[in-house]
Engineer: 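Please find one structure pasted underneath; my questions will follow.
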Amino acid sequence: MITLLNESITWWHWIVFGILLIVIEMSTGTFFMLILGISAILVGTLDILFELPFKTEILLWMVFSILSVFAWMKWFRDKGGSNSGQSDYRFDTLGVVTEKIHPHRRGKVHFDTPVLGNTEWHATAKTDIAEGTRIRIMEINGQLINVAPIDKTD
Amino acid sequence: MEALTVLVILAAAVVYTLYKGINIVPQGEEWVVERLGKFARTLKPGLNIIVPYIEAVREKVSTRDIILDIPQQEVITRDNAVILTNAVTFIRVTNPRDAIYGIEDFQLAIQQLVMTTLRSILGEMSLDEALSNREHIKAKLKEQIIDDVADWGVTVKSVEIQDISPSASMQESMERQAAAERERRAIETTAEGNKNAAILEADGKLEAAKREAEAQIALANASAEAIRLISDNIQDKELPAMFLLGDRYINSLEQISKSQNSKFVIYPADIQSAIKGMLGSAFKN
């Protein structure tokens, strides 16, 4: 069996297998098939050079697959991007306190641009914030926005 | 052979593990991940890797705005009028963790909450206020649900009142009231018109009578003046007057004789005394 596989599975089988996986990836968009496909192509390339036995090929395929995940995490991770439509969308909007906020009582803030469809919001804070202080959003709790003065958070 | 079987199984395990571990979260969604049944983190859009077998995606939450239809409901206002109202509300999950763990079904919860709050707000208003204060209702509604939605990780962006309409019977009586009001105004306007017309007519008559009287006085004065002028001119000069009279007398005789049908004319014989009688005191000194 093992000799049969060693003889019948050649380098181009791996490359075709790899391309097939990449084609499947194109229609599914899971990224997972892409990793497996690239690894298979790599194994095929090594097979051309070193005439590897089938066991080593499978082992290498597994190792490459795992390694490429780590490689992606280390070098290709997408750090930026718009957060439009996300839960933290417009969290960087600054505002001004229009009604004094005490830690135990709500106040009101006015934002420079609308946050969640409104510029006026009820706000809470951990410290006393006087009227007219510039603030930034720390957290949104339903209809209440938790804010902090800018100078203290910077 | 055995080694190959182990290798193949191992390869299958690697493939399955990678399949479970690699997650692509689309934009507009956030996935809540649990580690051994307990909340671990939320995955942001993009490629995410979780530790398979230990971590699992519990729920995929949409962080886009959700349109919630608030079904039509009957509300009784402060002045006991029945109105039908429905609304639409836009909500957004701002904290996927609270939206999953804080409430069983946040969409149903918000829908019910808006319905009951809307009912209580309209219940405090009179019918006319409810029909004309939509902005006020919106603002009050958002204010009143602050405390309720705090634990649900959901922000109610806006509530739009679609319709506030009185119930069928209410609408009928309102229409009747409006019709009666117009009828009353029509009657008033007609009466006002009639009154003005009568006054104008009477004014016209009064004016006409005044003018008539003035005309009669003017006529009498003119007659008196004419008679005075004649008598002033004649006075003692009876002869020229008599001559003129005689002249006209003869002229008229001539004209009568020319006419076709009046060949027989009787004149007073003593024309002088007849004229004197007609002119009266004019010939008396």
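All of these numbers come straight from a predicted model, not from anything done at the bench. Numbers restart at 1 for each chain; the letters A, B, ... are given by sequence-line order, proteins then strands. Computed over heavy atoms, backbone and side chain alike; hydrogens, waters and symmetry mates excluded.
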Engineer: For B:Phe39 and B:Tyr101, take the angle between the two ring planes, folded into 0 to 90°, and tell me which bin it lands in: parallel under 30, tilted 30 to 60, perpendicular over 60.
Structural biologist: perpendicular

Engineer: Is there a donor-acceptor pair closer than 3.5 Å between any side-chain N or O of B:Asp65 and the backbone N or O of B:Arg92?
Structural biologist: no

Engineer: Determine which residues belonging to residues 158-189 of chain B lie within contact range of chain A, meaning some heavy atom pair is under 4.5 Å apart, and list them by number or answer 'none'.
Structural biologist: none

Engineer: With side chains defined as the heavy atoms from C-beta onward, is the minimum distance between A:Val147 and A:Trp121 less than 4.5 Å?
Structural biologist: no

Engineer: So which part of A:Asn141 gets closer than 4.5 Å to some heavy atom of chain B, the side chain, the backbone, both or neither?
Structural biologist: both

Engineer: Within the structure provided, determine whether A:Leu46 and A:Leu42 are in side-chain contact (heavy-atom separation under 4.5 Å).
Structural biologist: no

Engineer: Are any of the side-chain nitrogens in B:Lys60 or B:Glu29 under 4.0 Å away from the carboxylate oxygens of its partner?
Structural biologist: no

Engineer: I need the residue from B:Asp151, B:Val61, B:Asp98, B:Asp147 with the largest number of non-hydrogen atom pairs under 4.5 Å to chain A.
Structural biologist: B:Asp147

Engineer: For a 4.5 angstrom cut-off between non-hydrogen side-chain atoms, does B:Leu43 reach B:Arg41?
Structural biologist: yes

Engineer: Show which side-chain atoms of residues 9-24 of chain B pair as donor or acceptor with protein atoms under 3.5 Å away, not counting sequence neighbours.
Structural biologist:
{"unit_1": "B:Thr17", "atom_1": "OG1", "unit_2": "B:Ala13", "atom_2": "O", "d": "2.6"}
{"unit_1": "B:Thr17", "atom_1": "OG1", "unit_2": "B:Tyr53", "atom_2": "OH", "d": "2.7"}
{"unit_1": "B:Asn23", "atom_1": "ND2", "unit_2": "B:Gly21", "atom_2": "O", "d": "3.4"}

Engineer: Which residue out of A:Glu139, A:His122, A:Glu120 racks up the most heavy-atom pairs below 4.5 Å with chain B?
Structural biologist: A:His122

Engineer: Examine whether an atom of B:Lys142 lies under 4.5 Å from a heavy atom of chain A, and if so say whether it belongs to the side chain, the backbone or both; otherwise answer neither.
Structural biologist: both

Engineer: Relative to chain B, which segment of A:Leu36 carries a heavy atom at a distance below 4.5 Å: side chain, backbone, both, or neither?
Structural biologist: side chain

Engineer: Looking at B:Val93, B:Asp148, B:Ile146, B:Val154, which one has more heavy-atom pairs under 4.5 Å with chain A than the rest?
Structural biologist: B:Ile146

Engineer: Do B:Val88 and B:Ile67 make a side-chain contact, defined as non-hydrogen atoms from C-beta onward lying under 4.5 Å apart?
Structural biologist: yes

Engineer: With a 4.5 angstrom heavy-atom cut-off, which part of A:Leu116 approaches chain B: side chain, backbone, both or neither?
Structural biologist: both

Engineer: Begin from the C-alpha positions of B:Gln144 and B:Thr116 and carry the test side chain to side chain contact (heavy atoms under 4.5 Å, CB included) through to its verdict.
Structural biologist: CA-CA 11 Å; B:Gln144 284 200 4; B:Thr116 48; over 6 Å; no

